[in-house]
Structures are given as structure tokens and as C-alpha cells.
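A note on names: the letters A, B, ... follow the listed sequences, proteins ahead of strands, and every chain is numbered from 1.
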2 protein chains.
Amino acid sequence: MKIDKSLVRSIPLFDRMSDADLDKFLGHAVSRRVPAGEAVFEQGAAATHFFLLLHGRLKVTQVTEDGQQIIVRVVHPGDLFGFAKALQRSDYPGTALAVAESIALCWPTELWPQFVDRNPRLAVTAMQTIGQRLEEAHTRIREMSTQEVERRVAHAVLRLANQAGRKEGTGVRIDFPISRQDIAEMTGTTLHTVSRILSAWEGKGLVEGGRQKLLVLDLNGLAALADHVKE
Amino acid sequence: MKIDKSLVRSIPLFDRMSDADLDKFLGHAVSRRVPAGEAVFEQGAAATHFFLLLHGRLKVTQVTEDGQQIIVRVVHPGDLFGFAKALQRSDYPGTALAVAESIALCWPTELWPQFVDRNPRLAVTAMQTIGQRLEEAHTRIREMSTQEVERRVAHAVLRLANQAGRKEGTGVRIDFPISRQDIAEMTGTTLHTVSRILSAWEGKGLVEGGRQKLLVLDLNGLAALADHVKE
DNA sequence: AGTCATCTTTGACATAGCGCAAACATCGAC
DNA sequence: GTCGATGTTTGCGCTATGTCAAAGATGACT
């Protein structure tokens, strides 16, 4: 298996690993193509592998007992995901669904302890990564606790623009198919409300919508909305 | 410094550490008494130490730019807190306030890497701990996204009863001073709404309130409320 | 005992945003 | 090009909750 090392190197989790160890690590990996709409793993399934996204885009979702769905996070190229076993779970807490054609590296979870034993730094950096996710989660909790829907949506869109934005003409295109429903599930609201908000924004020239499309025209304007303390 | 090893042993983070290493670890600790109402550290301050709560109770809070406060979590005896540096932050993301007279062990953050180097397992178990917190955060996000206030409050109270409950007569007493405002900040609502909800519950004989007091009389009844899918 | 600072309760009112429903747009398949 | 599936927009009414306000409780301090 021949894998480009540069992408792997670029992610903090591996940047300090020796070249030999990295080769060994990659040697155990299997790469897997995932067509859009297909799941890499399902919520509740045994956590047999952990993954690194090389290309494409995934959304990790959870479904509540009563059938409601939320988007836990979006996985971008270079992100590690399906970490469950390392966090002492035996099953995946969510479903990872490809929203665009994707390619992921897969390792059997059993290998994780070995890699950590051989390379203690790995555990440290992994912990930092998780720590970052924890912070993001707290940010989200803070927003949901204190901000009204429009500001939350503004923040979510800005984050997407940062993480998955591609310059396009006057604005920034969100670089994967995303529906109002998705945005609703990321911000804790309904697709109706999101639709209304985006329509209003479109009226003000802040964004430009479309079926599963979003183009941000005025980042500053959006940021103002997101930060603006209503007076 | 003489410290009782049994409590420290009982927490997962240290259960696999050798006796010699544990002694060394504890040898570097300083214990600190924190009177109720005083902060162990403040949001934004340089993360000079990390801590282990031996006795008492803390709440970790964050304040938003516009002055709103939320409670990130409650720290119980045996919990590690003020972890910031291990997660690659240089400052504390929140304030840790003693809600009851407390005693904490303190280590300088610089020691963390040493301990990890000497004891790689430590990093693994630490990561598991953080992973658990991440899950809790996601649970909270899920609840805030999909459940109405009353159910969220029910869940929060049940959690408190589990983690800080002391049997008392017919019911379970929440074992530290907690205000309606606190519960509101844990569930993303206002103290008014919490007060109304608790009053209603009191009417149904589920709980018994009081100034900064809460006694749960009917755990099952509350659980029913928490799980009940409204039909 | 009395005073004060904090909490708590409750009422009245306002409204954000949800649920429901129906029309409309877009895209891929045939 | 037509059709069907899937996503989007928009109107309308409703209600859960926030906001504002004021009146009790409770407990600490002197």
C-alpha cells in the first residue's frame, strides 16, 4: 500500500512521529473509498477500526431514542475519526456518513495501544486533539445556552466557511453539499427557521443559497451578526 | 506532605500507576484549602497548576463576552480539574469556584509531561477521562437541541442526584448548596423557568425545594419525566 | 431581634421560533 | 423532455419560554 505521507504528516497527531514509525503505521492501514451517501460506520456498531480522512467530507450524526437527529461534527480531510476505542468505548457513538465521495485510511482498533506504546508522544498529541474537540463542544453549549437562533446559525456558517470554504468569485463557497436540514441539526433548530434566516440574509446580500449549496458573500457582515450584542 | 492514598487510587487516572510512582506523584503535590465562594482559578488566568479535588464541591463556569454565565460542569471529590495545559492551552478556559468548603491537591503543570513520560499509561487513561467528558458534552448538546426545558432540568437533577446525592429519609438530598440560577445555567434556561418547574414538581410530590437546597423525593417519577416521549 | 443581602416565587406580558401545511424549485433518471 | 424524489420557501397560528416587575422567604451578621 503506497500512501502519500505529506497529508498525514501535516496533521498534528503525527507530526512528531519518526519516519520509521510513520511508515510502520501507514503499513498497517487500508484505504477505503466511500461513495457519497454511504456510511463509514453506524452508531452503535462495534468499534473495529479507527480512521483518517484523506479526501472528501463526512458528517457524524447521532440519533436520539425518539428519532431526532443531530450533527455532532463535520469531518474534514486530515481529521481523525471513529476514535471510540481509544476513548474506552466498544461501539461508535455516532454514524459517519459521507456527504461527498470520500477516501479514508482504516486501522484495526487493536493496533492503537501498540502504536501508543511504541510512541508515547502519540497519546499526548491525541489527547490534545480530543481536548480541542471538547472545547468546541463547550463553545457549542455556550452558544446554545445564550444566543438566539440567528446568531448560532451565523457562527455555524462562518465555521463552515473557515473549514470548508473555497474562494469563488466575490465570495466563499461551502465546498460540499449541505442542506438547510443539516444546518438546523448543527445549530439545534428546524430547517424552516434556517430557511427563513438564509432567505433574509440573501435579501441583505450576505449569502447566496441554492439546493444543498451555500455561498457566503459577506464574511464581515456575517461576523457582525454573529458577534453583535443586540442593543 | 502526608496524603491518603486510597482516594487517589480509586480514580481511574491513577489506578494503574505503580506504588513508587504514585508516591513520587503525591510527593510533588501541595494541598490547598478553598473556602466556599472562593475561586481555585479564574477564567483566562495562566494555567500554572492542575488539581485533584479531595473534598468539597466546585462549579466550573464560563462567562461569555456579553456577560452571560454558564456552568460547564460540577467537580466532585476524586475528579481531576484545571487540566488546561495537558490539552495544549496556556490559560484556564473557565473559573473553578468552590460552592462548599473544599480541599484540592495542586501540581505545577510543568510536571505533567514528566509524569506522562515516566508512566505512558497515564496518558492513555487521561485520554479516556477526557473522552468521557466529551461524551457528556455531546449528551448535553443533544438534550439542548432536541428536548424542551422541563426534560432537560429533569435530566440535570437526576445527574446531580447520582453524583452528589445523599440518602435522606424518604428521598435523596443534593449534597451541596445549589440555586435555581445554577440549575438554569446548567440547562440553558432562566432561573424563573427553573423555579416554576420545581414549584410544579413540588406540587406533584416529586421534589422538595428550599433556599439553595434540593431534595429529590421520587427518582422514578423524575426519570419518567426525563425519558417520557410526549405523545 | 432586627436588618440586609440573597434567593425564590409568582404574575402579566411579549415573542421567538416551532409545528403544520402547501406550493415551489432543482436535479437526476429514464 | 418528462417525471419523481428530494430539498426549499413561505404563511399562519400557537405555545413554550424569556422578560420585566414586584412581593415574599430565608439565613447571615451585628
How many Å lie between [atom1] on [X] and [atom2] on [N], as a whole number?
X: A:Arg180; N: D:dT10; atom1: CZ; atom2: C1'; result: 13 Å
X: A:Leu214; N: C:dT26; atom1: CG; atom2: C1'; result: 16 Å
X: A:Arg152; N: C:dC18; atom1: CZ; atom2: C1'; result: 12 Å
X: B:Leu215; N: C:dT8; atom1: CG; atom2: C1'; result: 17 Å
X: B:Glu148; N: C:dG17; atom1: CD; atom2: C1'; result: 15 Å
X: B:Glu202; N: C:dT8; atom1: CD; atom2: C1'; result: 11 Å
X: A:Lys213; N: C:dA25; atom1: NZ; atom2: C1'; result: 12 Å
X: A:Ile178; N: D:dT6; atom1: CD1; atom2: C1'; result: 16 Å

Applying the ring pair (Phe, Tyr, Trp, His ring centres under 6.0 Å) test to B:Phe51, which of B:Phe41, B:Phe83, B:Trp107 qualifies?
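One option only clears the test, and that one is B:Phe41.
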Report yes if at least one side-chain N or O of B:Ser195 is closer than 4.0 Å to OP1 or OP2 of C:dT9; otherwise report no.
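The answer is yes; a side-chain N or O of B:Ser195 sits under 4.0 Å from OP1 or OP2.
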Base, sugar-phosphate, or nothing: which does B:Gln212 touch, judged by heavy atoms less than 4.0 Å apart?
sugar-phosphate
So B:Ser199, base contact, sugar-phosphate only, or nothing? Heavy-atom distance under 4.0 Å.
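Answer is sugar-phosphate: B:Ser199 comes under 4.0 Å of backbone atoms only.
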Inspect the contact between A:Arg89 and B:Glu135 and indicate whether a charged nitrogen and a carboxylate oxygen are less than 4.0 angstrom apart.
yes
Using 4.0 Å as the upper bound for N to carboxylate O, is an ion pair formed by A:Glu143 and A:Arg151?
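Salt bridge: no.
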Sidechain-backbone polar pair: A:Thr109 side chain, A:Thr48 backbone, donor-acceptor under 3.5 Å
yes
B:Ser179 side-chain proximity, nearest of D:dT8, C:dC18, C:dT8:
C:dT8
Measure across B:Leu215 and B:Gly171 and return the closest heavy-atom pair with its distance rounded to 0.1 Å.
CD1-C, 4.1 Å
Any side-chain donor paired with an acceptor under 3.5 Å for B:His55 and B:Glu101?
no
Consider only side-chain N and O atoms of B:Glu185 and B:Gln181, and report whether a donor and an acceptor are under 3.5 Å apart.
yes
Under 4.0 Å protein heavy-atom contact, by nucleotide of nucleotides 19-25 of chain D - B base, S sugar-phosphate only:
BBB---B
